[in-house]
Amino acid sequence: MDAVIHPSAVVEDGAKIGPDCRIGPFCHVGPDVVLGRGVELKSHVVVAGNTEIGDETMVFSFAVIGEIPQDLKFRGEQTSLVIGKRNRIREHVTMNTGTQGGGGVTRVGDDGLFMAGCHVAHDVQIGNRVILVNNSAVAGHCVLEDDVIVGGLSGVHQWVRIGKGAIIGAVTMVTNDVIPHGLVQAPRGKLDGLNLVGLKRRGVSRADITALRAAFQMLAQGEGAFQDRARRLGNETTSDYVREIVDFILGESDRSYLTPG
């Protein structure tokens with residue numbers, strides 16, 4: 001089926017609109033935008049810049065997607081925003097394109113939920129099935145791996161990495177990297193444990209959860225520096241989930257880590 005475009009919407013010449021798209025009243029779609037199959041823009045949505053939105057993604061009213069970065073170093077260079085499939089982007093969400101100094105691409109995976117008022121800054125890399133709760137903000141250059149949840153009114157400092165399956169509690173400021181499956185909460189974020197609820201919901205085996213608990217205790221109370229504990233843990237573990245944590249800690253980072261209290 002051809003796209004359905006409301007008469008009051010402005011779709012500039014050059015925009016590529018996929019089949020089955022629905023563009024509601026008073027939307028504005030820029031000339032370098034690509035909308036995949038079945039994308040729906042409710043009303044008053046702005047999609048600007050070199051922005052690609054994947055199939056069956058829905059964008060709600062007053063969201064602004066693909067505008068230039070909020071970075072004083074930005075000088076108008078050609079950068080982009082790439083959003084995957086089946087995302088739900090709610091009211092007043094903002095997502096910016098990348099910067100030349102940060103790789104040039106802001107990227108969002110598939111099946112995410114971005115609740116009202118969230119912000120995704122320049123050069124952020126977001127995985128699949130990520131949830132940003134109302135009014136949370138992710139600063140430039142951050143990496144959020146698959147299945148991360150960021151609670152409402154929380155902020156993630158620039159350059160921070162949040163590992164797969166981690167959860168950030170509401171009204172939390174995250175200033176350092178978060179290990180996969182970690183649980184972070186408190187106004188100045190503290191690593192308080194593991195995201196056990198999330199692990200159980202995803203059907204992780206009891207044996208792996210037990211291994212993760214033991215690994216967390218070793219990271220919290222073992223001898224030596226945090227990365228030394230991680231290296232020892234990597235030599236001892238047979239769990240793929242524990243291996244994710246070890247690889248994350250020993251990987252490259254522009255920040256330090258939130259460590260178990």
Side-chain angles (χ1 to χ4, degrees), residues 10-12 14-16 23 27-36 39-42 44-54 57-128 130-145 148-150 152-162 168 173-175 254-255:
V10 175
V11 179
E12 296 195 35
K16 297 178 181 179
I23 300 178
C27 291
H28 186 278
V29 179
D32 299 316
V33 169
V34 178
L35 302 184
V39 170
E40 181 173 359
L41 310 181
K42 292 290 191 177
H44 300 82
V45 173
V46 174
V47 186
N50 184 9
T51 296
E52 178 180 338
I53 300 181
T57 289
M58 184 178 294
V59 186
F60 287 74
S61 300
F62 303 104
V64 180
I65 308 300
E67 266 294 0
I68 64 172
Q70 298 179 107
D71 183 344
L72 294 175
K73 298 186 296 298
F74 183 72
R75 291 293 183 266
E77 59 266 26
Q78 289 297 309
T79 58
S80 61
L81 167 65
V82 178
I83 299 172
K85 300 177 181 179
R86 298 177 300 276
N87 288 287
R88 295 295 178 265
I89 301 173
R90 296 304 304 251
E91 297 82 358
H92 299 279
V93 169
T94 54
M95 296 183 177
N96 295 158
T97 56
T99 63
Q100 187 174 28
V105 181
T106 304
R107 193 177 303 275
V108 175
D110 300 334
D111 300 300
L113 172 59
F114 301 88
M115 297 187 192
C118 295
H119 177 61
V120 176
H122 58 87
D123 305 297
V124 168
Q125 307 295 306
I126 291 181
N128 300 321
V130 168
I131 298 174
L132 301 186
V133 182
N134 302 68
N135 298 299
S136 56
V138 181
H141 311 283
C142 290
V143 176
L144 277 61
E145 296 183 354
V148 165
I149 299 174
V150 178
L153 296 167
S154 293
V156 183
H157 192 283
Q158 62 188 10
W159 299 103
V160 161
R161 297 182 303 147
I162 301 181
I168 311 301
M173 180 62 201
V174 184
T175 56
D254 292 291
R255 307 288 297 175

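Keep in mind that the numbers below use all heavy atoms, side chains included, and drop hydrogens, waters and symmetry copies.
Within the 4.5 Å cutoff, side-chain heavy atoms of L144 are placed close to those of V138. Within the 4.5 Å cutoff, no side-chain heavy atoms of I126 are placed close to those of R107. Residues V156 and I162 are in side-chain contact: their nearest non-hydrogen atoms beyond the backbone lie under 4.5 Å apart. Looking at heavy atoms from C-beta onward, N134 lies out of side-chain contact with L153 at the 4.5 angstrom threshold. Annotation: side chain of I83 is in contact with side chain of I89 (closest heavy-atom distance under 4.5 Å). Side-chain contact check for N135 versus M115: every heavy-atom pair is 4.5 Å or farther apart. Between R161 and R255, every side-chain heavy-atom pair lies at or beyond the 4.5 Å cut-off. By the 4.5 Å heavy-atom criterion applied to side chains, V82 and V105 are counted as neighbours.
Across all their heavy atoms, I168 and V174 have their closest contact at CG2-CG2, 3.6 Å. Nearest approach of G30 to A15, heavy atoms of both residues: O-CB, 3.3 Å. Of all heavy-atom pairs between H157 and C142, the closest is O-SG, 2.9 Å. Between V150 and S136, the closest heavy-atom pair is CG1-CB, 3.9 Å. Considering all non-hydrogen atoms of both residues, T106 and V120 come closest at CG2-CG1, 4.1 Å. The minimum heavy-atom distance linking G140 with A121 is given by the pair N-CB, 3.5 Å.
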Chi angles and distances behind the side-chain contact (heavy atoms from CB on, under 4.5 Å) call for F114, V108: CA-CA 11 Å; F114 301 88; V108 175; 3.5 Å; yes
Audit row: F62, E91, side-chain contact (heavy atoms from CB on, under 4.5 Å) steps and yes/no: CA-CA 6 Å; F62 303 104; E91 297 82 358; 5.6 Å; no
Trace of the side-chain contact (heavy atoms from CB on, under 4.5 Å) decision for N87 with L113: CA-CA 6 Å; N87 288 287; L113 172 59; over 6 Å; no
Verdict with reasoning, T99 to H141, per side-chain contact (heavy atoms from CB on, under 4.5 Å): CA-CA 10 Å; T99 63; H141 311 283; 4.2 Å; yes
Stepwise ring-ring contact (aromatic ring centres under 6.0 Å, His included) check, H44 with H28: CA-CA 7 Å; H44 300 82; H28 186 278; over 10 Å; no
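Checked by atom type and distance alone, the side chain of T97 never pairs as donor or acceptor with a backbone atom of S80 at under 3.5 Å. Of the possible polar contacts, none joining the S154 side chain to the M173 backbone as a donor-acceptor pair under 3.5 Å is found. Distance alone, capped at 3.5 Å, places no donor-acceptor pair between the D110 side chain and the N128 backbone.
Remark: K85 engages no residue in a salt bridge (Lys or Arg N to Asp or Glu O under 4.0 Å) (not counting sequence neighbours).
Taking NE2 of H92 as the start and OG of S61 as the end, the distance is 8.0 Å to the nearest 0.5 Å. Note that the CD1 atom of I149 and the CG atom of L132 stand 10.0 Å from one another [nearest 0.5 Å]. In this structure, D123 CG and L81 CG are separated by 11.0 Å, a value rounded to the nearest 0.5 Å. Distance check, rounded to the nearest 0.5 Å: OG1 of T57 to CG of L35 gives 9.5 Å.
At most 12 heavy atoms of other shown residues, nucleotides or ligands fall within 6.0 angstrom of atom CD in Q78.
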Table please: side-chain donor-acceptor pairs of residues 65-77 below 3.5 Å, with sequence neighbours left out.
residue, atom, partner, partner atom, Å
Q70, NE2, H119, NE2, 3.1
D71, OD1, K73, N, 2.9
D71, OD1, K73, NZ, 3.1
D71, OD2, K73, NZ, 3.4
R75, NH1, L72, O, 2.5
E77, OE1, R75, N, 3.0
E77, OE2, Q100, N, 3.1

